[in-house]
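For reference, the structure is listed below as structure tokens.
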Amino acid sequence: MEIKTDAIVLQTLDYKDNDKLLTLFSPSLGKITAGIRGVKKPTAKLAFSAQPFCFAEYVLAEKGGRYTVTGAYLHESFFSLRYDIERFYAACAAAEVCLSILQENERYDGLFIGLIGCLKALALVEEDVAEALIGFIQIALRESGYSLDLSFLEECEGDIGERLWFDFADGRFTSLDRCTQGERVSVSTYHTLRKCAGLTYSETALSGGRKRALRLLRAYLSERTEARYENLGELIRLYEEK
């Protein structure tokens, strides 16, 4: 049976001498593994389709639940991400988030659109790397049922004090005297998350918030999915070295 689907390459693995195994994200099929033959040869016509972050229409032959790539039509390669280490690790982090939450044979239209938007933003030099990734991770959390509750600002009528508490059990922010379990977070973390979610925020409270927001999101993702998110950790390390 032949299947055509738009998909993004999340991961590649060398297989045999000239073949690869691709982990593809399809909005209609979810996370699937597909073999692609002869793609490591210098003259391989489908070499572009076996590169990380490649966005293309893939033609797949399916037999016994296994997929083989037989054709591909490129939409966008996002090749420029390879020339900037921060943007590359951010794209890898977005891919690993998808790898941890996607299932086979499930639809993920919203997450797929979010990933395309994230990769496009990362490919533009004028876009902020951390904010693009923070925004995408919040989309991923929402699509997987682990949404952050950022409504504390409205509940407090704009006065949230100087320190907040994040409740890992509920994914919500509250004041220190209302929560006995969780982690203390800065106001800059909270407002950065609101900015990247498209909500109102305080511009003066953003200083240092990107790095802290990434650390909090990594911890929350790990709590929910039991994955390590090493690429996200490497991106955070790059920010700490600046």
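Below, each value reflects all heavy atoms present in this structure, side chains not excepted, and no hydrogens, waters or symmetry copies.
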Original post:
Is there side-chain contact between H75 and D6, with at least one heavy-atom pair below 4.5 Å?
Top reply: yes

Subject >> Closest approach of E96 to N231 (non-hydrogen atoms, all atoms of both residues) >> reply: OE2-N, 3.0 Å

Subject >> Joint cluster assignment, V187 & Y201, ILVMFWY side-chain distance < 4.5 Å >> reply: no

**OP:** Could you state whether I3 and V59 fall into the same hydrophobic cluster, counting links through intermediate Ile, Leu, Val, Met, Phe, Trp or Tyr residues with side-chain heavy atoms under 4.5 angstrom apart?
**Re:** no

**OP:** Measure the CZ-CG distance between R87 and L235 for me, rounded to the nearest 0.5 Å.
**Re:** 11.0 Å

**OP:** Sequence neighbours left out, what passes ring pair (Phe, Tyr, Trp, His ring centres under 6.0 Å) with Y146? Give chain and number order.
**Re:** none

**OP:** Provide the full list of ring-ring contact (aromatic ring centres under 6.0 Å, His included) pairs with a residue in residues 3-28, sequence neighbours left out, each pair given once.
**Re:** F25-F112

Original post:
side-chain contact (heavy atoms from CB on, under 4.5 Å) between T68 and R37: does it pass, once the steps are laid out?
Top reply: CA-CA 8 Å; T68 302; R37 299 190 179 103; 3.7 Å; yes

Subject >> Separation of L148 CG from D170 CG (nearest 0.5 Å) >> reply: 11.5 Å

Original post:
Counting distance only, does the side-chain N/O of E62 pair as donor-acceptor with the main-chain N or O of G65 below 3.5 Å?
Top reply: yes

Original post:
What distance separates L10 CG from S100 OG, expressed to the nearest 0.5 Å?
Top reply: 10.5 Å

Subject >> Note, L111 side chain near I101 side chain (heavy atom, < 4.5 Å) >> reply: yes

Subject >> Sequence neighbours excluded - side-chain hydrogen bond (donor to acceptor under 3.5 Å, both in side chains) pairs with any residue from residues 41-59 >> reply: none

Subject >> Check ion pair E143-R107 (N to O, under 4.0 angstrom) >> reply: no

Subject >> Steps toward side-chain contact (heavy atoms from CB on, under 4.5 Å) verdict (L193, L217) >> reply: CA-CA 9 Å; L193 289 168; L217 289 172; 4.0 Å; yes

**OP:** Using only heavy-atom distances, determine whether the side chains of S28 and Y108 contain a donor-acceptor pair under 3.5 Å.
**Re:** no

Subject >> Minimal non-hydrogen separation, R224 against G171, with atom names >> reply: NH2-N, 4.3 Å

**OP:** Would you check, one step at a time, whether the test side-chain contact (heavy atoms from CB on, under 4.5 Å) holds for L60 with L24?
**Re:** CA-CA 11 Å; L60 306 173; L24 301 174; 4.3 Å; yes

Original post:
Does a side-chain heavy-atom distance below 4.5 Å link C92 with F53?
Top reply: yes

**OP:** Find out whether K63 and M1 are in side-chain contact, i.e. whether some heavy atom of one side chain is under 4.5 Å from a heavy atom of the other.
**Re:** no

**OP:** For R218 and Y229, indicate whether the former's side chain and the latter's backbone hold a donor-acceptor pair under 3.5 Å.
**Re:** yes

Original post:
Hey, does L99 have a side-chain heavy atom less than 4.5 Å from the side chain of T23?
Top reply: yes

Subject >> Whether H191 side chain and S202 backbone form a donor-acceptor pair below 3.5 Å >> reply: yes

Original post:
Ignoring hydrogens and geometry, is there a side-chain-to-backbone donor-acceptor pair from R194 to T200 under 3.5 Å?
Top reply: yes

Original post:
Side chains of L221 and L141: does their closest heavy-atom pair fall under 4.5 Å?
Top reply: yes

**OP:** Mark yes or no for whether S222, through its side chain, and A227, through its backbone, hold a donor-acceptor pair below 3.5 Å.
**Re:** yes

**OP:** Give a yes or no on this: more than 12 heavy atoms of other residues, nucleotides or ligands lie within 6.0 Å of atom CG of D109.
**Re:** yes

Original post:
Should we count CD of E2 as having more than 12 external heavy atoms under 6.0 Å?
Top reply: yes

Original post:
Cluster question for you: counting only ILVMFWY and a side-chain heavy-atom cut-off of under 4.5 Å, with indirect links fine, are F152 and L206 together?
Top reply: no

**OP:** Kindly compute the distance separating CG (L164) from OG (S188), expressed to the nearest 0.5 Å.
**Re:** 9.5 Å

Original post:
Less than 4.5 Å apart, any side-chain heavy atom of L22 and any of I32?
Top reply: no

**OP:** With sequence neighbours excluded, tell me which residues meet salt bridge (charged side-chain N to carboxylate O under 4.0 Å, His left out) with E230.
**Re:** R228

**OP:** Tell me, with the steps shown, if N18 and V39 meet side-chain contact (heavy atoms from CB on, under 4.5 Å).
**Re:** CA-CA 6 Å; N18 294 301; V39 77; over 6 Å; no

Original post:
How about F88: does its CZ atom have over 12 heavy atoms from other parts shown lying under 6.0 Å from it?
Top reply: no

Original post:
Got a second to check how far Y89's OH is from I85's CD1, nearest 0.5 Å?
Top reply: 5.5 Å

Subject >> Which atom of L74 lies closest to which atom of A56, heavy atoms considered >> reply: CA-CB, 3.9 Å

**OP:** Could you tell me which non-hydrogen atom of F48 sits nearest to which non-hydrogen atom of A72, and how far apart they are?
**Re:** CZ-O, 3.5 Å

Subject >> Under 3.5 Å donor-acceptor, S186 side chain and T189 backbone >> reply: yes

**OP:** Please report the closest heavy-atom contact between D149 and R172, naming both atoms and the distance.
**Re:** CB-CB, 3.5 Å

Original post:
Should I8 and L21 be counted in the same cluster of Ile, Leu, Val, Met, Phe, Trp and Tyr side chains packed under 4.5 Å apart?
Top reply: no

**OP:** Just jot down the salt bridge (charged side-chain N to carboxylate O under 4.0 Å, His left out) partners of R215, sequence neighbours excluded, or say none.
**Re:** E240

Subject >> Inter-residue atom distance L122.CG - D84.CG, 0.5 Å rounding >> reply: 9.5 Å

Original post:
Cut-off 3.5 Å, side chains only: do T192 and R212 have a donor facing an acceptor?
Top reply: no

**OP:** Only counting residues at least two apart or in another chain, list the ones meeting ring pair (Phe, Tyr, Trp, His ring centres under 6.0 Å) with F173.
**Re:** F166, Y190

**OP:** Using a 4.5 Å cut-off on heavy atoms from C-beta on, say whether the side chain of R82 contacts that of F79.
**Re:** yes

Original post:
Can L102 be reached from Y67 by stepping across I, L, V, M, F, W or Y side chains whose heavy atoms are under 4.5 Å apart?
Top reply: no

**OP:** Check A90 against L133 and note the closest heavy-atom contact, atom names and distance.
**Re:** O-CD1, 3.7 Å

